[in-house]
Amino acid sequence: MKRKRSKKRLLARIVFFLISSTVVFALLCGLITVYIALSVWIHGFSFDDSYTLKIGMESTAERRLKTITYEMGDVGDDSVLYINFTALQEYCGFYESGDRKVHRYILPSDRSEFTVTVDSTRVDLNGSIIHMEAPAVMKGESLYLPLSFIDHYIGGITVKNAVSKSEPDENGEAEEVVDEYTYIIRCSDKGEYSLLLSDNAPCPPIDKSALD
């Protein structure tokens with residue numbers, strides 16, 4: 001009889017321990033959920049759903065730059081930043097030919113050229129084939145290209161995040177604050193543009209003497 005009672009007590013203790021552990025775990029999960037919810041509400045944790053481009057020449061004062069704001073996903077992929085390349089042409093003066101499907105641009109400074117195809121990531125860049133992070137998009141009468149393509153492959157156009165000053169701290173010092181959703185795009189005043197990939201060229205012959 002004593003052994004049976006001991007087993008029942010042991011089983012009761014195990015059940016009590018398991019129930020207690022489950023309750024404590026549930027309470028901890030609840031407290032963590034409440035903490036996260038309060039943090040979001042107090043600190044306003046959120047992701048921007050729009051971005052702004054400020055376009056102009058190198059010498060243009062920032063307050064006079066043309067400002068365009070886009071909604072994420074308004075053009076193409078909702079995770080890719082696009083720029084209205086047709087509007088950008090007003091500043092860089094590239095020659096254009098082609099139709100609504102294929103667009104060919106010639107840089108007046110060195111006559112290099114690139115061709116983009118609507119709904120495709122493929123670009124013929126002065127004879128070299130590269131792929132943009134997202135396809136070119138035709139919207140209305142304007143061609144939109146990923147901002148990263150302009151930044152990485154066209155020299156003479158600079159793309160930088162806007163920077164502002166924070167409120168002075170107790171020591172009277174202000175820090176620079178980078179605006180991740182505002183970009184400053186400036187075009188060369190002298191019209192000196194270039195493509196950052198050169199023409200395809202055959203590999204030079206191997207120096208056989210180096211193999212001896």
Side-chain angles (χ1 to χ4, degrees), residues 47-58 60 65-162 178-206:
F47 294 101
D48 280 16
D49 57 2
S50 64
Y51 58 98
T52 299
L53 305 181
K54 295 185 176 182
I55 306 172
M57 306 302 292
E58 289 176 333
T60 305
L65 295 175
K66 181 177 182 179
T67 301
I68 308 174
T69 298
Y70 300 96
E71 296 295 324
M72 294 298 294
D74 188 38
V75 178
D77 192 316
D78 60 6
S79 64
V80 175
L81 306 182
Y82 275 86
I83 185 171
N84 184 333
F85 191 72
T86 302
L88 186 63
Q89 267 193 273
E90 298 177 7
Y91 299 91
C92 53
F94 297 165
Y95 304 129
E96 180 183 6
S97 63
D99 51 32
R100 289 182 61 85
K101 184 65 176 178
V102 178
H103 297 256
R104 178 183 176 220
Y105 298 95
I106 301 174
L107 282 58
S109 53
D110 61 2
R111 310 300 295 182
S112 58
E113 61 183 68
F114 65 96
T115 302
V116 298
T117 303
V118 174
D119 298 327
S120 172
T121 63
R122 185 180 185 276
V123 181
D124 184 336
L125 196 73
N126 213 31
S128 298
I129 303 301
I130 63 99
H131 288 272
M132 302 181 289
E133 65 170 329
V137 175
M138 196 70 190
K139 187 175 181 181
E141 297 299 320
S142 298
L143 176 71
Y144 289 81
L145 300 178
L147 184 60
S148 57
F149 168 73
I150 309 300
D151 188 24
H152 296 158
Y153 293 104
I154 303 181
I157 302 177
T158 60
V159 179
K160 295 182 179 179
N161 282 103
V178 176
D179 185 346
E180 297 180 359
Y181 299 98
T182 301
Y183 294 82
I184 307 296
I185 296 100
R186 294 185 180 275
C187 301
S188 169
D189 284 326
K190 298 179 180 179
E192 296 176 346
Y193 301 101
S194 61
L195 299 178
L196 302 183
L197 283 180
S198 59
D199 291 330
N200 290 327
C203 296
I206 297 175

Nearest atoms (heavy-atom pairs only) where M72 meets V80: CE-N, 4.3 Å
Test item: R186 side-chain N/O and M57 main-chain N/O as donor-acceptor pair under 3.5 Å: yes
Reported CD-to-CG distance for the pair E192 and D110, which is rounded to 0.5 angstrom: 10.5 Å
Aromatic plane relationship, F85 with F94 - under 30° parallel, 30 to 60° tilted, over 60° perpendicular: tilted
Contact check, side chains of H152 and L196, non-hydrogen atoms, under 4.5 Å: no
Side chain proximity check, V102 to T117, heavy atoms < 4.5 angstrom: yes
Chi angles and distances behind the side-chain contact (heavy atoms from CB on, under 4.5 Å) call for I185, K160: CA-CA 7 Å; I185 296 100; K160 295 182 179 179; over 6 Å; no
Min side-chain heavy-atom separation Y51-L147 under 4.5 Å: no
Flag side-chain contact, heavy atom, 4.5 Å: E113 against L125: no
Distance in Å, E58 CD paired with T158 OG1, rounded so as to fall on 0.5 Å steps: 6.5 Å
From T52 atom OG1 to L65 atom CG, the distance as rounded to the nearest 0.5 Å: 12.5 Å
Working for side-chain contact (heavy atoms from CB on, under 4.5 Å), residues Y144 and S142: CA-CA 6 Å; Y144 289 81; S142 298; 3.8 Å; yes
Exam field: side chain K101 to backbone V118, donor-acceptor pair closer than 3.5 Å: yes
side-chain contact (heavy atoms from CB on, under 4.5 Å) between F114 and N126, intermediate numbers included: CA-CA 5 Å; F114 65 96; N126 213 31; over 6 Å; no
Spacing of M138 atom CE and H103 atom NE2 [to the nearest 0.5 Å]: 4.5 Å
Partner residues of Y91 under the ring pair (Phe, Tyr, Trp, His ring centres under 6.0 Å) criterion, sequence neighbours left out: none
Interatomic distance, D49 atom CG to E71 atom CD [nearest 0.5 angstrom]: 5.5 Å
Check: I55 and I83 side chains under 4.5 Å, non-hydrogen atoms: yes
T115 side-chain N/O to R104 backbone N/O, donor-acceptor pair under 3.5 Å: no
Note, L81 side chain near Y70 side chain (heavy atom, < 4.5 Å): no
I154 side, atom CD1; C92 side, atom SG - distance, nearest 0.5 Å: 7.0 Å
Over all atoms of both residues, closest heavy-atom pair of P135 and P146: O-CD, 4.4 Å
Atom of S109, atom of G191 and distance for their closest heavy-atom approach: CB-O, 3.3 Å
T67 vs L53, side-chain contact (heavy atoms from CB on, under 4.5 Å): CA-CA, chis, key distance, verdict: CA-CA 6 Å; T67 301; L53 305 181; over 6 Å; no
Residue pairs passing the salt bridge (charged side-chain N to carboxylate O under 4.0 Å, His left out) test where at least one lies in residues 140-159, sequence neighbours excluded: R100-E141
Side-chain donor or acceptor of Y82 paired with backbone N/O of D74 under 3.5 Å: no
Near-ring test Y193/Y105, centroid separation under 6.0 angstrom: no
